[in-house]
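Structure record follows, encoded as structure tokens.
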Amino acid sequence: METKAPSLLNAVPPYGHVITSEKWRNSSLIQSLKGGGVKILFENELGVADFHLPNKSCILYVSECDIIAGNSYKRKLVRYRNTSSSFQELVLVEKTRLSEQNFSAVQKFVVLDLGLTLLPVSGQTEASQLISQIVHGEDRENPFRRRSSSRLLDPKVLVLVQRVPGVGGVKALALLQEFSSVHQLCNAAPHELEPIVGQAAAKQIHSFFHKPTAAGT
């Protein structure tokens, strides 16, 4: 049975940020994004997606190695397409000298068979440039939405909520989209938290805010 709460798959990063799968931490793509002024939130709980962007799109990255290695990337793409997410699902595919002969087959599978949007890139550097354009472009094009969202996603509150045991970057964002203040979060019952972060984390969060004090009742 699926244990990940659907809300985590729909967590939207603050503007200027990207939520990134932990496996990308030491990649050249992430270094390029940081150099372009994009702030990174690392998470282990993105499901199949590699990146979540502020414009409510997510990205799965298919590398040259994935294509050359065989058809296992197709199973990953199917899982990605079937994910219960409200995001626009994008697929970045490396088109290189080595993968070029297989590219048309990949393109057909992604676009025609799965109905996803495919964006070819020459490698991680070009991919980081594309992601940066989306992130910074969203800042310019949606100033009103940005102002509204940033009020709910105050960076200081985000940092505070992430310090609660059992809460990482994605869960903190999901919680702040439902509870607009720490006060509301403190007063939330476990059954209100569970649909957002799952049963185990809901109990941890509730216990954290309702620890008995040394002075007693």
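Note that this is a predicted model, so its numbers are computed, not measured. The residues of the chain are indexed from 1 along the displayed sequence.
Looking at residues two or more places apart in sequence or on another chain, you find a side-chain contact (heavy atoms from CB on, under 4.5 Å) between Lys39 and His17. Taking the salt bridge (charged side-chain N to carboxylate O under 4.0 Å, His left out) definition, one finds that Asp50 meets it with Lys23, sequence neighbours left out. Applying the ring pair (Phe, Tyr, Trp, His ring centres under 6.0 Å) rule to Phe51 yields the partners Trp24; only residues at least two apart in sequence or on another chain are considered. Legend: residues meeting side-chain hydrogen bond (donor to acceptor under 3.5 Å, both in side chains) with Ser57, ordered by chain and number and at least two apart, are Asn55. Looking at residues two or more places apart in sequence or on another chain, you find no side-chain contact (heavy atoms from CB on, under 4.5 Å) involving Ala69. Remark: Lys34 pairs with no residue by the salt bridge (charged side-chain N to carboxylate O under 4.0 Å, His left out) rule, at least two apart or across chains. Applying the side-chain hydrogen bond (donor to acceptor under 3.5 Å, both in side chains) test to Ser99 and every residue at least two apart in sequence or in another chain returns Thr96. Remark: Glu22 engages Arg25 in a salt bridge (charged side-chain N to carboxylate O under 4.0 Å, His left out) (not counting sequence neighbours). Under the side-chain contact (heavy atoms from CB on, under 4.5 Å) criterion, Asn187 pairs with His183, sequence neighbours left out.
The distance from atom CG of Leu33 to atom CD1 of Ile131, rounded to the nearest 0.5 Å, is 5.0 Å. Taken to the nearest 0.5 Å, the CD atom of Glu89 stands 12.0 Å off from the CD1 atom of Ile59. Note that CD of Gln88 is 11.5 Å distant from NZ of Lys56, once rounded to the nearest 0.5 Å. Atom-to-atom distance recorded for Leu98:CG and Glu64:CD is 4.5 Å, nearest 0.5 angstrom. Rounded to the nearest 0.5 angstrom, Leu92 CG and Leu60 CG are separated by 8.5 Å.
Applying the side-chain hydrogen bond (donor to acceptor under 3.5 Å, both in side chains) definition to pairs two or more places apart or across chains, those involving residues 118-127 are Ser28-Gln124, Ser122-Glu126. Residue pairs meeting the side-chain hydrogen bond (donor to acceptor under 3.5 Å, both in side chains) criterion with at least one partner in residues 65-78, sequence neighbours excluded, are Ser63-Asp66.
For the pair His136 (side chain) and Gly36 (backbone), a donor-acceptor distance under 3.5 Å is present.
Both Val78 and Tyr80 belong to a common hydrophobic cluster when Ile, Leu, Val, Met, Phe, Trp and Tyr are linked at side-chain heavy-atom distances under 4.5 angstrom. Both Tyr61 and Leu119 sit in one connected hydrophobic cluster of ILVMFWY residues. Membership requires side-chain heavy atoms under 4.5 Å apart, directly or through other members. No path of Ile, Leu, Val, Met, Phe, Trp and Tyr side chains, each step under 4.5 Å between heavy atoms, connects Val106 with Ile68, placing them in separate hydrophobic clusters.
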Mind running side chain to side chain contact (heavy atoms under 4.5 Å, CB included) on Phe87 and Leu53 for me, showing each step along the way?
CA-CA 9 Å; Phe87 280 50; Leu53 309 185; over 6 Å; no
Given the rule in the side chain to side chain contact (heavy atoms under 4.5 Å, CB included) test, do Asp113 and Lys108 qualify, once you have shown the distances and angles that lead to the verdict?
CA-CA 7 Å; Asp113 296 349; Lys108 177 183 179 297; 3.6 Å; yes
